[in-house]
Amino acid sequence: MTAAKNKNFITDIIDADNQNGRFDRRVHTRFPPEPNGYLHIGHAKSICLNFGIAEQYGGLCNLRFDDTNPAKEEQEYIDAIIEDLRWLGYQWHDRVYFASDYFDELYQMAVELIQIGKAYVDELSPDEIRQYRGALSEPGTDSPYRNRPIAENLALFEKMRAGGFKEGEAVLRAKIDMSSGNINLRDPVMYRILDAPHPRTGDKWRIYPMYDFAHGQSDSIEGITHSICTLEYEDHRPLYDWYLDNIEIFHPRQIEFARLNLSHTIMSKRKLIRLVQEGYVRGWDDPRMPTIAGLRRRGYTPEAIREFCDDIGVGKVKGVVALHKLEFHIRQDLNRRAQRVMAVVNPLKVVIENYPDDQVEHLDAINNPEDESAGTRKVPFSKVLYIEREDFMEDPPRKFFRLAPGREVRLRYAYFITCVAVIKDDAGQIVELRCRYDPATRGGSAPDGRRVKATLHWVSAQHALEAEARLYENLFTVENPEADRDKDFTEFINPKSLTVVDPIYIEPSLRSARAGDRFQFERLAYFVVDEDSTPDKLVFNRTVTLRDQWRKAQKRSAKRRKSKRRKKSAEPG
RNA sequence: AGGGAAGUAGCUCAAUUGGCAGAGCAGGUGCCUUUGGAGCACAAGGUUAAAGGUUCGAGUCCUUUCUUCCCUGCCA
């Protein structure tokens with residue numbers, strides 16, 4: 001539901017292609033995940049791009065699993081990827097394909113290249129192949145097997161297919177140029193032998209095409225016009241083109257863009273899988289993970305993710321997007337749609353001394369000030385309440401407007417109260433506040449027009465439900481956990497990335513909440529009901545905190561104090 | 001000269017293809033507020049990596065230089 005049409009260097013290229021009729025004004029893209037892990041927010045950028053462009057031009061976008069390496073790929077990932085794509089809101093109808101669908105055709109294409117003398121079976125060992133490849137600034141040398149007769153190559157390739165070689169004993173290579181400055185063109189491997197059962201083709205094949213040999217031809221078979229991939233494939237484009245030109249089939253255009261990097265997290269599938277396998281997180285859908293499944297469980301909405309992808313745009317500059325940006329979009333989305341509710345995470349008992357002991361009032365509360373149609377609900381009020389411990393200070397600094405001894409504040413939707421006494425335990429800990437309320441302020445405003453500077457959220461102690469809250473912070477403490485070459489990224493995992501608070505106290509209207517329901521706990525944060533919830537006890541994941549000017553101001557003044565001190569100590573004398 | 005690519009505000013991107021360098025986010029200052037949320041207003045932020053050239057006019061075209069990133073898997 002993205003309103004404005006996105007314009008970027010890729011749409012410029014497509015516009016030009018449409019103008020000169022290169023693809024008969026057709027636009028057909030594809031999203032080609034390898035099923036070797038879960039989709040993450042970086043994939044979301046590619047998904048939004050590919051599906052978005054197809055939508056924008058009235059074209060199509062295929063889903064194609066790039067399943068050419070059975071050693072790493074699993075059905076579990078295929079299922080998870082489909083679920084995540086659906087959840088993001090994209091459709092491909094019946095156009096879900098697998099590179100493995102084309103193994104027969106690919107094999108034929110390879111045979112064709114052998115027949116025109118452009119491919120050969122090499123029996124060098126993997127190690128030897130590496131040595132023969134040369135170095136970045138030095139040409140490689142031809143394999144001794146490079147100039148075998150066509151008939152021999154044909155027979156050997158058939159022998160590879162039939163299982164006459166073991167893994168590593170032979171590969172099929174394209175005969176291009178061992179002295180090319182582009183290493184991808186130094187006789188790249190087209191087929192290798194893999195003794196792993198394939199999730200889809202079972203044990204039909206013992207040889208599998210390499211990415212480069214499979215991808216362009218798969219694009220071609222599907223009639224893809226614009227094959228959009230990430231920057232690291234720029235060097236592969238000449239090879240992409242070479243295969244298509246030499247096999248002489250329909251030739252899509254490969255376009256490369258900069259993948260997403262997000263601060264305070266990692267995007268490498270190899271590293272994400274380590275977080276899961278080594279138990280740093282609870283699974284691929286742990287709410288701290290940058291995976292789509294993790295973000296979903298964290299309470300993110302598909303809309304927010306799509307808005308985020310639109311916002312960051314697409315270019316060829318490698319950069320790092322601040323995590324703040326993602327948070328901005330989920331706040332913006334949830335602000336519009338999340339139901340407001342009151343919950344106390346860190347309780348402080350408040351007794352309203354002049355409130356009748358057994359009285360209960362059901363007060364009207366607005367469900368969403370941003371959306372009148374969300375209506376109102378009733379919230380019970382009684383003599384004994386919980387407020388947030390942080391909302392009281394015995395000796396408040398300037399600009400702390402909340403409750404303090406002798407000060408009057410408003411309880412949201414309820415009454416003005418004034419703190420008359422502070423009760424402490426033997427250790428000096430504040431355990432209870434005694435307050436008095438003004439009955440004339442019912443609903444939250446004073447008939448005499450007097451004002452208070454703060455409004456507090458609260459729950460009635462006898463009516464409150466207990467729940468568990470999982471408070472999340474950044475998974476990593478540093479902007480780029482991969483930057484330090486001497487340290488493993490796991491050393492930068494934030495020890496406070498998950499804090500469990502149990503119990504928290506929530507208003508009784510939440511009794512009917514179900515897994516996936518999103519709420520704003522007023523003045524605190526957005527939360528979503530986790531699937532770990534039971535009928536007896538709800539579990540909430542904190543999606544993102546509300547912006548907090550007070551905390552920001554505190555941080556700012558702390559910083560100022562620090563720099564002032566530094567300045568002072570730097571002065572001589 | 002190994003090949004490829006990128007440099008515009010703190011960050012992510014624009015700039016009608018040669019015509020007054022803009023937006024969102026972040027940061028700043030106010031206003032408003034029954035969420036210190038949301039909202040509103042204002043200000044600030046730039047030698048367009050650098051130098052030279054073409055031109056009435058250059059972020060855009062040409063030349064040179066600098067910086068950063070990617071590439072030596074039988075991974076994708």
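Numbered from 1 within each chain, the chains take letters A, B, ... in sequence-line order.
Taking atom CG of A:Asp122 as the reference point, atom P of B:G73 lies 15 Å away to the nearest angstrom. Rounded to whole Å, atom C1' of B:U35 lies 10 Å from atom CE of A:Met342. The interatomic distance linking A:His236 (NE2) with B:C71 (P) rounds to 9 Å, in whole Å. Atom CG of A:Leu239 is separated from atom P of B:C71 by 16 Å (rounded to the nearest Å). If you measure from atom CG of A:Asp310 to atom P of B:U12, you get 18 Å, rounded to the nearest angstrom. If you take NZ of A:Lys325 and C1' of B:G10, they are 12 Å apart, rounded to a whole angstrom.
Nucleotides B:A21 and B:A1 have their C1' atoms positioned 35 Å apart, rounded to a whole Å. Distance noted for atom C1' between B:A76 and B:G57: 49 Å (whole Å). Taking atom P in both B:U67 and B:G27, one finds a spacing of 34 Å when rounded to whole Å. B:G59 sits 15 Å from B:A6 when the C1' atoms are compared, rounded to a whole Å. Atom P of B:A23 sits at a distance of 16 Å from the matching atom of B:U16, rounded to the whole Å. Rounded to the nearest Å, the gap between the P atom of B:G30 and that of B:C71 is 49 Å. On the C1' atoms, B:G37 is 44 Å away from B:C70, given to the nearest whole Å. Taking atom P on both nucleotides, B:C42 is separated from B:G24 by 12 Å, rounded to a whole Å.
Ion pairing between A:Glu123 and A:Arg148 holds under the 4.0 Å rule for side-chain N and carboxylate O. Under the 4.0 Å criterion applied to side-chain N and carboxylate O atoms, A:Arg523 and A:Glu388 are not assigned as salt-bridge partners. Ionic pairing of A:Arg161 and A:Glu158 is present here: one or more N-O contacts between side-chain nitrogen and carboxylate oxygen are shorter than 4.0 angstrom. One finds no salt bridge joining A:Glu390 and A:Arg402 here, because no Lys/Arg side-chain nitrogen approaches an Asp/Glu carboxylate oxygen to under 4.0 Å. Taking a cutoff of 4.0 Å between a charged side-chain nitrogen and a carboxylate oxygen, A:Asp177 and A:Arg186 do not qualify as a salt bridge. Using a 4.0 Å cut-off between charged side-chain N and carboxylate O, A:Asp438 and A:Arg450 make a salt bridge. Look at A:Asp187 and A:Arg173 and you find no salt bridge, because none of the NZ, NE, NH1 or NH2 atoms lies under 4.0 Å from a carboxylate O. With respect to the salt-bridge test (charged N to carboxylate O, under 4.0 angstrom), the residues A:Asp195 and A:Arg206 qualify.
Comparing B:A76, B:C74, B:C69 against the side chain of A:Asp66 picks out B:A76 as the nearest. Picking from B:G2, B:A76, B:C74 the nucleotide with the shortest atom distance to the side chain of A:Ile129 gives B:C74. The side chain of A:Glu232 lies closest to B:C70 when the candidates are B:G3, B:C70, B:G73. Which of B:A76, B:C13, B:C70 sits closest to the side chain of A:Val317 comes down to B:C13. Nearest nucleotide to the A:Ile312 side chain, out of B:U12, B:U17, B:C71: B:U12. Nearest nucleotide to the side chain of A:Trp550, out of B:C75, B:C71, B:G36: B:G36. Taking only side-chain atoms of A:Ala135, from C-beta outward, the nucleotide of B:U72, B:U33, B:G36 with the closest atom is B:U72. The A:Arg130 side chain lies nearest to B:G73 when the options are B:G73, B:C71, B:G24. Nearest to the side chain of A:Leu136, among B:A76, B:C71, B:A5, sits B:C71.
Glycosidic conformation, B:U17: syn, with the torsion inside 90° of 0. A glycosidic torsion no more than 90° from 0 defines the syn conformation, and B:G73 adopts it.
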Show your reasoning for whether side-chain hydrogen bond (donor to acceptor under 3.5 Å, both in side chains) applies to A:Glu522 and A:Gln520. CA-CA 6 Å; A:Glu522 289 211 38; A:Gln520 183 197 100; over 6 Å; no
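Contact annotation: A:Lys7 does not reach the phosphate of B:U16 (side-chain N/O to OP1 or OP2, under 4.0 Å). A:Thr455 has no side-chain polar atom (N or O) that falls below the 4.0 Å cut-off from OP1 or OP2 of B:U33. Between B:C75 and A:Arg192, a contact under 4.0 Å exists linking OP1 or OP2 to a side-chain N or O.
The nearest heavy atom of RNA chain B to A:Gly315 and to A:Leu124 marks one nucleotide each, and the one closer to the 5' end goes with A:Gly315. Judged by closest nucleotide on RNA chain B, A:Glu138 is the one of A:Glu138 and A:Lys316 placed further toward the 5' end.
Residues A:Glu327 and A:Asn474 come closest through the heavy atom pair OE2-OD1, 4.4 Å.
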Reading RNA chain B 5' to 3', what string of ( ), [ ], | and . shows its pairs, if Watson-Crick and G-U wobble pairs count only when both distances fall under 3.5 Å? .((((((..((((.....[..))))..((((.......))))......(((((..]....))))))))))).....
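In this structure, A:Asn69 reaches the sugar-phosphate backbone alone: every heavy-atom distance under 4.0 Å involves primed, P, OP1 or OP2 atoms, never a base.
Ring geometry, A:Phe519 versus A:Phe540: the interplanar angle exceeds 60°, so the pair is classed perpendicular (tilted spans 30 to 60°).
Each of A:Asp219, A:Asp17, A:Asp241 was checked for a salt bridge (Lys or Arg N to Asp or Glu O under 4.0 Å) with A:Arg253, and the lone residue meeting it is A:Asp17.
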When you compare the protein's N or O atoms with those of nucleotides 37-44 of chain B, which come within less than 3.5 Å of each other, and at what distance?
unit_1 : atom_1 : unit_2   : atom_2 : d
B:G37  : OP1    : A:Gln549 : NE2    : 2.9
B:G37  : N2     : A:Arg340 : NH2    : 3.4
B:G37  : N2     : A:Glu370 : OE2    : 3.1
B:A38  : OP1    : A:Arg547 : NH1    : 2.8
B:A38  : OP2    : A:Arg547 : NH1    : 3.1
B:A38  : O2'    : A:Asn335 : ND2    : 3.1
B:A38  : O2'    : A:Glu370 : OE1    : 3.4
B:A38  : O2'    : A:Glu370 : OE2    : 3.1

